[in-house]
J.: 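Just dropping this structure here.
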Amino acid sequence: MKTLLVLCVACTLVVFTVSATAEQKLKNCNEVRAAYSSKGFNVNDVPNKGVNGARLKVCPQGFSCCTVEMEEKLSQQSHSDMNAPVSRLSSNLQSTFKQKHEHFDKFFRELLKNAEVSLNNMYVRTYGMMYVQNAELFKNFFTALTRYYLSGSSAVNLESMLSEFWADLLERMFRLVNVQYEFSDSYMECVSRHTEQLQPFGDVPRKLRIHLTRSFIAARTFVRGLALMPEVVNKVSTVSASPSCVRAVMKMMYCPYCSGQVALKPCQNYCLNVMRGCLANQADLDTEWNNFLDAMLSLVERLEGPFNFESVMDPIDVKISEAIMNMQDNSMQVSQKVFQGCGQPKPSTAFRSKRSVKETGFTARFRPYSPDARPTTAAGTSLDRLTNDVKKKLRHAKKFWSTLPETVCTGERIASGDECWNGTAKSRYESVVIGNGLANQVSNPDVDVDITKPDIVIRSQIAVLKEMTSWLKAAHSGNDISVDNDEGEDSSGGEESGSGCDTPSCDRDRDMYFSTPPNSDNPPVIKVRKQSAAGVATQGSMALALFGLALALLAPHLR
């Protein structure tokens with residue numbers, strides 16, 4: 001009994017001491033004056049001692065070190081204080097993905113440029129002026145690829161561009177391997193019209209079209225996604241806080257000042273409810289944000305695998321040489337088909353038929369760069385390094401918006417346990433922590449949120465993310481959502497093998513029909529059956545040597 005009496009007396013003394021201390025602080029308000037001044041406000045706004053707080057609009061009314069004017073200024077300060085951590089986190093996210101966008105964009109652009117430089121240097125080194133005379137064909141090819149990367153199908157129809165490239169290359173090659181004949185423009189139009197049916201370059205054009213389409217769509221869409229992220233973050237993070245939110249933050253952060261307890265921090269759960277109320281609209285962005293990030297991560301896997309931009313662009317000079325090789329190896333069969341379909345050409349009166357290979361003096365051989373000698377890529381990096389880094393950043397960015405309250409309500413901003421500010425006094429916070437998102441705020445005990453009025457800016461960004469996610473998913477399948485796709489299996493995203501058709505009916509479909517009369521520029525209808533593509537050889541030296549030889553034969557007549 002005596003022990004209980006002693007404990008009661010001790011508790012009473014503690015309460016009396018705390019009350020006396022708080023009362024003493026309210027009497028002189030010295031700590032409040034110092035803290036208020038440290039915020040950049042005029043110290044003279046703070047009364048020397050506690051005053052009647054009946055006129056206060058936010059903080060508890062009673063004996064107080066705050067005035068109505070102080071409340072207004074502290075409300076403005078609380079708005080800035082709340083925005084500061086959100087702004088800092090958002091700025092870090094913006095900076096991260098602006099940098100990733102710049103790195104990927106620079107890398108892809110340099111791959112394009114290096115591929116062009118590599119091809120040009122290789123051919124100039126091997127063939128000199130003979131290549132230079134035909135170099136504009138390849139220059140235009142890379143210019144179109146760059147435009148396609150930058151602007152997509154709105155600037156370049158990739159399939160049409162590639163068809164024109166191979167048709168132009170066929171025309172030049174056909175003239176060079178048949179220098180003993182003269183060809184009119186209309187005759188060459190007949191040849192060009194049937195480039196795909198003739199398949200003079202084997203299966204290289206089809207495979208290159210598939211690989212270029214998939215890799216360019218994937219690269220361009222992924223870069224576009226990286227560019228979108230900072231834009232969305234910037235717009236969402238600048239959404240203004242509602243007046244009720246500002247009042248709630250003011251009450252949480254600065255009402256302890258009015259009671260003279262400037263060092264008192266809010267309870268963690270109290271802070272969570274306030275911030276979840278203030279950031280309810282932002283949290284609603286989280287679902288589409290996460291869907292978008294998942295689509296970005298899936299597309300990264302495509303970039304690392306079957307849609308690898310680097311693995312397509314780096315050997316493109318060799319791929320084109322393989323096509324030229326096929327043309328050289330099958331030049332007699334291709335020429336015979338053309339002569340049957342477009343008519344027998346006239347012999348060239350200027351051609352010197354006795355000119356031999358030895359007389360041409362051409363001994364050049366195809367000498368591609370070794371891997372070590374190729375030009376370095378962007379910033380000396382590789383696609384693997386870039387993708388490994390960006391995957392970590394994308395995963396880290398998931399649930400960014402829904403976890404903002406937890407991120408803000410940590411560390412020095414809050415106090416754990418019961419020794420914290422609960423909105424009215426230094427005590428335990430009893431209310432239940434509500435969920436994220438606008439719908440959950442109907443039961444928020446600390447912030448009045450109108451759940452019937454979603455923020456327009458954030459809703460618009462949700463729509464933007466949905467649209468971008470659909471683009472990313474289309475790119476993951478090798479399709480460009482901006483254009484109608486009619487390429488069938490070639491654009492399905494699956495692996496191709498051979499022609500994709502092994503039935504007799506497919507062979508019939510591959511028959512080529514010419515509709516021009518014989519021995520003239522307009523031969524009659526003649527059915528010419530396509531031969532199956534020859535196997536791809538492993539070396540290109542003979543092909544390019546023959547190409548150079550043909551150029552050498554023709555050079556005297558081009559002067």
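Worth knowing before you read on, the calculation uses all heavy atoms, side chains too, and leaves out hydrogens, waters and symmetry mates. This is a predicted model, so every value here is computed, not measured.
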J.: What I want to find out is whether Asp455 reaches Arg459 closely enough, with some N-O distance under 4.0 Å, to be called a salt bridge.
T.: no
J.: Kindly compute the distance separating NZ (Lys473) from CG (Leu299), expressed to the nearest 0.5 Å.
T.: 12.5 Å
J.: Answer yes or no for Arg220 and Tyr148: cation-pi contact, defined as NZ/CZ to six-membered ring centre under 6.0 Å and angle to ring axis within 45°.
T.: yes
J.: Check whether Asn436 reaches the backbone of Ser402 with its side chain - one donor and one acceptor, N or O, closer than 3.5 Å.
T.: yes
J.: Hey, what's the ring geometry for Tyr149 with Phe216, parallel, tilted or perpendicular (30° and 60° as the breaks)?
T.: perpendicular
J.: Does a salt bridge link Asp389 with Arg385, judged by any charged N lying under 4.0 Å from a carboxylate O?
T.: no
J.: Can a side-chain donor-acceptor contact be found between Ser118 and Asp317 if the only test is distance below 3.5 angstrom?
T.: yes
J.: Give a yes or no answer on whether the side chain of Ser192 reaches the backbone of Glu189 with a donor-acceptor pair at less than 3.5 Å.
T.: no
J.: Do we get Arg302 above Phe307's six-membered ring, with its NZ or CZ under 6.0 Å from the centre and within 45° of the axis?
T.: yes
J.: Under 3.5 Å, is there a donor-acceptor pair between the side chain of Thr403 and the main chain of Lys399?
T.: yes
J.: Does Pro230 offer a backbone N or O that forms a donor-acceptor pair with the side chain of Asn234 under 3.5 Å?
T.: no
J.: With Asn440, which residues qualify under side chain to side chain donor-acceptor pair (under 3.5 Å), at least two apart?
T.: none
J.: Got a donor-acceptor contact below 3.5 angstrom from the Asp286 side chain to the Trp401 backbone?
T.: yes
J.: Side chains of Ser335 and Asn178: any donor to acceptor distance under 3.5 Å?
T.: yes
J.: So that I can tick it off, tell me whether Glu304 and Lys391 are bridged by a salt bridge, with the cut-off set at under 4.0 angstrom between side-chain N and carboxylate O.
T.: yes
